[in-house]
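What follows is a short report on a single structure.
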Amino acid sequence: MNQDRKYTRSQDSSLLVRSINASQRYMKAFSRCIPSKPLRPSLPPTFYRSAAALLLPASSFPLPNSSPPHSLVETFASLCQRGAFSDAIAAMVSLEGHGLRADPISYLNLIKLCIRNNAVDEGRLVHRHLSSDGDHPKLFLSNTLMSMYTKFGLLDEARQLFDRMGERNVVSWTTMISVMTNLKRNEEALRLLISMQREGVAPNMYTFSAVLRACQTLASLWSVHCCIVKYGLESDVFVRSSLIDVYSKFGDLDYGYRVFKEMATRDLVVWNSIIGGFAQGGDGYKAINLFTQMRRMGFLANQGTLASVLRACTGMVVLEMGRQVHVHVLKHERDLILNNALLDMYCKCGSLDDADAVFLRMSERDVISWSTMISGLAQNGRSSDALKLFDSMKILGPKPNYITIVGVLFACSHAGLVEDGWYYFRSMKKLFDIQPGREHYGCMVDLLGRAGKLEEALKFIQDMNFEPDTVIWRTLLGACRVHKNATLAAHAAKEILRLEPDDEGAYILLSNIYADSHRWNEVEQVRKSMGDRRVRKEPGRSWIEVGKKIHVFIVGDMSHPQADGIEKELSRLISRIANIGYVPDTDFVLHDVGKEQKEESLRYHSEKLAIAFGVLNSTRSKPIRIMKNLRICGDCHTFAKLVAKSEDMTIIIRDPVRFHHFQDGACSCGDYW
DNA sequence: ATAGGGTTAG
């Protein structure tokens, strides 16, 4: 595969060509505008003329002798109103030269024109003109100037203007608050909310929909929510969509949903907020249900909706549904975010051919597109392709970021490329200006552990400049399990339990490790502390898409309508693979029951039920795809490999972290996960 | 004049 040819950079053809001769065009326009009636006959023409004479040296626009000066004011007003931008600016310069001022509405129009034309220098010129008489511009003009500066990204200038304004109203404050929330200076935003009220300015719905995004703790959200209720602004759609969004981001989806349900009127953004909330909060099922409801109510999905729905599909790993959403995405084929979401959906659903096709067809690729594809390849066991793609990215892609490097290191560790991993880890700061973070360290522990360098991995953890978390210890624990190092495993498990006393997997492993070395006292102790803590056991769950429906299996639960068939199929599969060497591996069950019971409980692991169901309903031409909430156990892993071989089919199982593509008696993970 | 929703890792 020729990577260089395949992954070519999209052409950026946005050349801005501007050739404007403002004064020429102004002259034409000026000659066309002979006013019939003076707009605002305030001072006598002679006044203007004499005032203008004092200032005249600065003027590049000598007035025609025949025209009275106030016609210049009128011309300016008319140019601003008609949107003749550069002519209006030229006219303004001339006004200033003559010491004249026009009406505020014209200036308002002109500032809007500056924004529309992205004309920074002209904007500053207008600001200077409005302040040139030493007075503050009118309040609403100052506000408009502030919002102009924020739209240009000139936040310091906006702030300066705000600080120097003689008078500030709710609009000024809200604009400033928006600046702060956009900068993620959340404390500052909340402090502004307090200051404005102290100065006697009451916030309105604009203020609250902006300030809600600055709530970083549930407590601050509650206080702001109280404030909203107090001002009687809770029913505003904007405020509500913000409320839904922020409650969802704090994981309080129930509350977000309550706010949603209470609403009498909803618009598209409100729907998108609640769908996005569930999609991001991991309840893809609810997100998709709401999407269906939304369409039933006659709302047309836009890019935002579809991106959330794709994320929901990604979270549930429902490839077929994702494909259906893909059809809707075609309407917005140039939307980068949407394409990235699509790319991720295909990667996470284990369909790399589709992901490849999307990636190649994208008209524009940003760092997220490349990172998604690199991690996607690595997670699906195609590490060397991931690294090749990274090489192309270095040549013709955007600058890699923190997450890109996580994907690259993940690929190195999965391909067993210890040296490359070290190289990227050590040089990421120099090469890409990225400081190694927690996730990078985690990848390195994986890299070393996978290669069997367990002591080195432990030393690496101890030498880190931050506290190891459970993710790091679990990584080491996984390596210990594969390389059968009981001592180190016990150490890692203890560390995990110190940080997360309810980690069921760590208890089981620890107890099994002790049992293997016949240290029954310790086994007893572990089991006791597990009982004391009443460790909640998240039941294993697997699901599979068959016939446009999602079938969920829970460990030991045989309530599925086809339970009898599944039971028979399970027996058939077990006896078939027993012929090619399957022996139930009961190491993966807690050592507190007899051998037969252990085999019995293994038999009903949720992924086995799902595999049996999948095989039963399979056409053999397509791979069967199973999703799991927990990591696959070693026995089910062997089971899947052997079933794939004996039934001559591909089985794809996704656990919370990676994919297992089972084919011909082997797995893409190389028996390491 | 000021406001709300979407994509990458773990």
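Chain A is the first sequence line, chain B the second, and so forth, proteins listed ahead of strands; every chain is numbered from 1.
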I need the [atom1]-[atom2] distance between [X] and [N], as an integer number of Å.
X      : N      : atom1 : atom2 : answer
A:H328 : B:dG6  : NE2   : C1'   : 16 Å
A:I111 : B:dT2  : CD1   : C1'   : 14 Å
A:F466 : B:dG10 : CZ    : P     : 15 Å
A:Y149 : B:dA1  : OH    : P     : 19 Å
A:N169 : B:dA1  : CG    : C1'   : 8 Å
A:R334 : B:dG6  : CZ    : P     : 24 Å
A:R240 : B:dG4  : CZ    : C1'   : 13 Å
A:I274 : B:dG6  : CD1   : P     : 12 Å

Study note, to complete from the structure: In terms of heavy-atom contacts, A:K138 and A:P104 come closest through CE-CG, 3.8 Å
Revision key, fill the gap. For A:N143 and A:S172 the tightest heavy-atom approach is OD1-OG, 2.8 Å
Using a heavy-atom cut-off of 4.0 Å across all strands, would you classify [X] as base, sugar-phosphate, or nothing?
X      : result
A:V211 : nothing
A:F410 : sugar-phosphate
A:V239 : nothing
A:T174 : base
A:R438 : nothing
A:D366 : nothing
A:R311 : sugar-phosphate
A:K138 : nothing
A:L338 : base
A:D267 : base

Out of [options], which nucleotide sits closest to the side chain of [X]?
X      : options              : result
A:V269 : B:dG4, B:dA9, B:dG6  : B:dG4
A:A210 : B:dA3, B:dA1, B:dT7  : B:dA3
A:V171 : B:dT8, B:dA3, B:dT2  : B:dT2
A:T372 : B:dT8, B:dG6, B:dA3  : B:dT8
A:L108 : B:dA1, B:dG4, B:dA3  : B:dA1
A:D344 : B:dG10, B:dT7, B:dA1 : B:dT7
A:V237 : B:dG4, B:dT7, B:dA9  : B:dG4
A:K151 : B:dG10, B:dT2, B:dG6 : B:dT2

Check your understanding: With a 3.5 Å cut-off and no angle check, do the side chains of A:D366 and A:S369 form a donor-acceptor pair?
Key -> yes
Point to revise | Polar side chain donor-acceptor pair, A:E234 to A:H225, under 3.5 angstrom | key: yes
So does [X] reach the base of [N] with its side chain, donor to acceptor, closer than 3.5 Å?
X      : N     : answer
A:T144 : B:dA1 : no
A:S209 : B:dG4 : no
A:D335 : B:dG6 : yes
A:N204 : B:dA3 : no

Please tell me if [X] has a side-chain N or O lying less than 4.0 Å from either OP1 or OP2 of [N].
X      : N     : result
A:Q280 : B:dT7 : yes
A:K348 : B:dA9 : yes
A:K249 : B:dG4 : no
A:R213 : B:dA3 : no

Practice item. Measure the distance between the ring centre of A:F140 and the centre of the six-membered base ring of B:dA1, then answer whether it is under 5.5 Å with planes under 30°. Key: no
Check your understanding: CD of A:E262: more than 12 outside heavy atoms within 6.0 angstrom?
Key -> yes
Point to revise | Close side-chain approach of A:V406 and A:S375, heavy atoms under 4.5 Å | key: no
Review point. Taking only residues two or more places apart in sequence, or in another chain, which ones meet A:E167 in a side chain to side chain contact (heavy atoms under 4.5 Å, CB included)?
Key: A:L139
Check your understanding: Should the pair A:K286-A:D283 be classified as a salt bridge under the 4.0 Å nitrogen-to-oxygen rule?
Key -> no
